[in-house]
Amino acid sequence: MPTQNTAMWGQQKSHRKLIIGIFGFCLGLFGILCGMFWEDIFNCIMHKEMTLSPNTRVYENWKTPPLELNLDIYLYNWTNPEDFGNLSTKPILEQVGPYRFSEKPDKVDINWHPENSSVSYRKRSFYYFDAEGSNGSLDDEIITLNAVALSAAATAKRWNSVKRGMVDVGLKLYDQQMSVRKSVDELLFTGYNDIMIDMAIAMPVFGDDVKVPFDKFGWFYTRNGSADLTGTFNVFTGADDIDKLGQMHTWNFNQHTGFFDSHCGMTNGSAGEFQPSQLQPGGSVGLFTPDMCRTIPLDYTETMEIEGLKGFKYSGGPRSVDNGTQFPENLCFCGGECVPSGVMNISSCRFGSPVFMSYPHFYNGDQFYVDQVEGLEPTKENHEFYMVLEPRTGIALEVAARFQVNMLVEPIEGIALYTDIPRIFFPLIWFEQKVRITPELADQLKVLPIVLLAGQIFAGTCLAIGLLLLCWTPVAELLIWCQRRSDRYDLKTQHKGNGQEYKSRSSSADDLKSKASTLVCEQGPDSSPLLEDRRKEKPSIQPMSKSQTGESVATASTGISDESKQN
């Protein structure tokens, strides 16, 4: 009969099996849920870390980028300006440079707007000439197109004959020429004085028709250390939607630039620091450029690898520099005068000056532009505009921002300097800003897929252990049942063998006894050899009593039986 301790031990064992089963079920369920939702959990954590706010990790990198930024500037030296009036001779251009400047960017006047999850700021950069990285000196002299005189004449083109005549007199009075000879330093950041600028500022007769924003001319004049030139940005922080991180909301407090009609003037695309996350092959991204007052579309071209990371390459193709010739949706970028595909008319954004932007050497543009001058050789390797983005985060792995500034030179009625000249889109300068992610930052991004994979492995491990614990009790009971069944079978076999052996032994004993009895019966009392010997010794036999005779027979029988056993 089982004791009380045995019953308690069985009850505890049953409880332990129940606890193991429940724990295994919970662990397996946790593994399933973790496997199903780990990527969502990972994205949620990444969303929290990448949201733009003063307390997040990305803030300092956004405010002051840690990457080394260089601005390479190339100029075109015009070698035959004296032949410009000769329609049989093309302008011959010689590319010089690069003149490299290291850039230290920063963001100032930062204001947060939690009501719509956005932030406002202005950009400020300091530029320092890098003599070692440059191919030339700032003292190099360049012969280039007289951009000041051309801007004045192009502005007067829209005026009446009286005002236009005044401009013509001014150009002649101050001996303005088609070209100027200036140093690289004057053409870039320092700027140079021009009497036409001074006259326009001093003479209010032109009224609002003349907007002179600067007292000097230089392609990057007032840009060094100033936060006023590129305007005020307002971008989304991603707090409400991570896909909107870094996307433009307003520029100069407006959602429409006003420089282009319809959707072409919308303030959209990225401000440059962030692009949408969870990118897929194909599609396009947008980059808002304040110097052109518009968004540049970049289309997916290929998947490539940068510092061991997979990236999607988005390039500026023919669509981004089209004016409606090939892509009808770009017709609103014409600015009132549509030209062959390859240049972007930004005259309205540049105070009415006939400025047209393109890719360097008119890359991806109509051959018409390349054939107008000599000295241009567009190549993909040197002149393509592209961005390589990490698809999960949208972080730029490599960027090559390349643009060229061109001015339209054409005959203008009433302006003597611009009479009997060819109509040419004249290349003046192009610049490149190329940056690549550092190996250290790349290693940080490489951790992201490892963490995602580790979470999935963890979920699978939890599921496997949970299933093992859940099946532990049934499997253990099955093994015990099988063991008991095996033990019963062995015991039954052993009992059967013992019975057969006992029967065999009993049969042998009975056979031996039967043989002994048969032997005694066959010989009888008189056939004993002992009696025969006695007969020989004693020829005469004395009569015996019945008791003696029976005793002798019994003794003889016993002796024979003993002898048989010994034998």
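The closest donor-acceptor contact from the side chain of Ser348 to the backbone of Phe259 lies under 3.5 Å. Formation of a donor-acceptor pair under 3.5 Å by the Ser134 side chain with backbone atoms of Arg100 is found in this model. A distance-only check finds no donor-acceptor pair linking the side chain of Asn364 to the backbone of Val321 [under 3.5 Å]. Panel note: side chain Ser315, backbone Gly317; no donor-acceptor pair is recorded below 3.5 Å.
Residues Asn193 and Asp215 share a closest heavy-atom pair of OD1-O, 3.9 Å.
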### Task
Determine, step by step, whether Trp219 and Phe217 satisfy the ring-ring contact (aromatic ring centres under 6.0 Å, His included) criterion, reporting the C-alpha distance in whole Å, the side-chain angles of both residues, the deciding distance to 0.1 Å, and the verdict.
CA-CA 7 Å; Trp219 294 114; Phe217 176 79; 5.1 Å; yes
### Message
Pair Phe189, Tyr127 - check ring-ring contact (aromatic ring centres under 6.0 Å, His included), show working.
### Response
CA-CA 9 Å; Phe189 288 94; Tyr127 297 89; 5.1 Å; yes
### Worked check of ring-ring contact (aromatic ring centres under 6.0 Å, His included) between Trp78 and Phe84
CA-CA 10 Å; Trp78 188 7; Phe84 190 65; 5.5 Å; yes
### Task
Applying ring-ring contact (aromatic ring centres under 6.0 Å, His included), run through Tyr121 and Trp112 and close with a yes or a no.
CA-CA 9 Å; Tyr121 61 93; Trp112 303 93; 9.3 Å; no
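Using a cutoff of 4.0 Å between basic side-chain nitrogens and carboxylate oxygens, Asp371 and Lys90 are not scored as salt-bridged. Salt-bridge check for Asp106 with Lys63: passed, with a basic side-chain N closer than 4.0 Å to an acidic carboxylate O. The pair Asp291-Arg223 meets the salt-bridge criterion, with a side-chain N (NZ, NE, NH1 or NH2) lying under 4.0 Å from an Asp/Glu carboxylate O. Salt bridge status for Glu410 with Lys157: present, with a side-chain N to carboxylate O gap under 4.0 Å. A salt bridge does not link Arg436 to Glu68: none of the charged nitrogens lies less than 4.0 Å from a carboxylate oxygen. Here Glu273 pairs with Lys107 in a salt bridge; the nearest charged N to carboxylate O distance falls below 4.0 Å. Residues Lys216 and Glu186 are not paired through a salt bridge, judged by the lack of any N-O separation under 4.0 Å between the basic side chain and the carboxylate.
Side-chain contact check for Ser125 and Glu103: at least one donor-acceptor pair (N or O, by modelled atom type) lies under 3.5 Å. Residues Ser277 and Asp243 bring a donor and an acceptor atom of their side chains to less than 3.5 Å of each other.
Taking the ring axis of Phe333 as reference, the NZ or CZ atom of Arg294 stays within 45° of it and closer than 6.0 Å to the ring centre. For the pair Lys104 and Phe126, the cation-pi test (distance below 6.0 Å, angle within 45°) is failed. Stacking of Lys380 on the aromatic ring of Tyr363 is not recorded, the 6.0 Å distance cut-off and the 45° axial limit not both being met.
Aromatic ring orientation, Tyr221 versus Phe214: perpendicular (interplanar angle above 60°, classes split at 30° and 60°).
Ring centroids of Trp251 and Phe288 are separated by less than 6.0 Å, placing the two rings close together. Phe403 and Phe385 have their aromatic ring centers within a separation under 6.0 angstrom. Under the 6.0 Å cut-off for aromatic ring centres, Phe236 and His249 qualify, their centroids lying closer than that.
Tyr128 OH: more than 12 foreign heavy atoms inside a 6.0 Å radius. Heavy atoms from other residues, nucleotides or ligands lying under 6.0 Å from CD of Glu381 number 12 at most.
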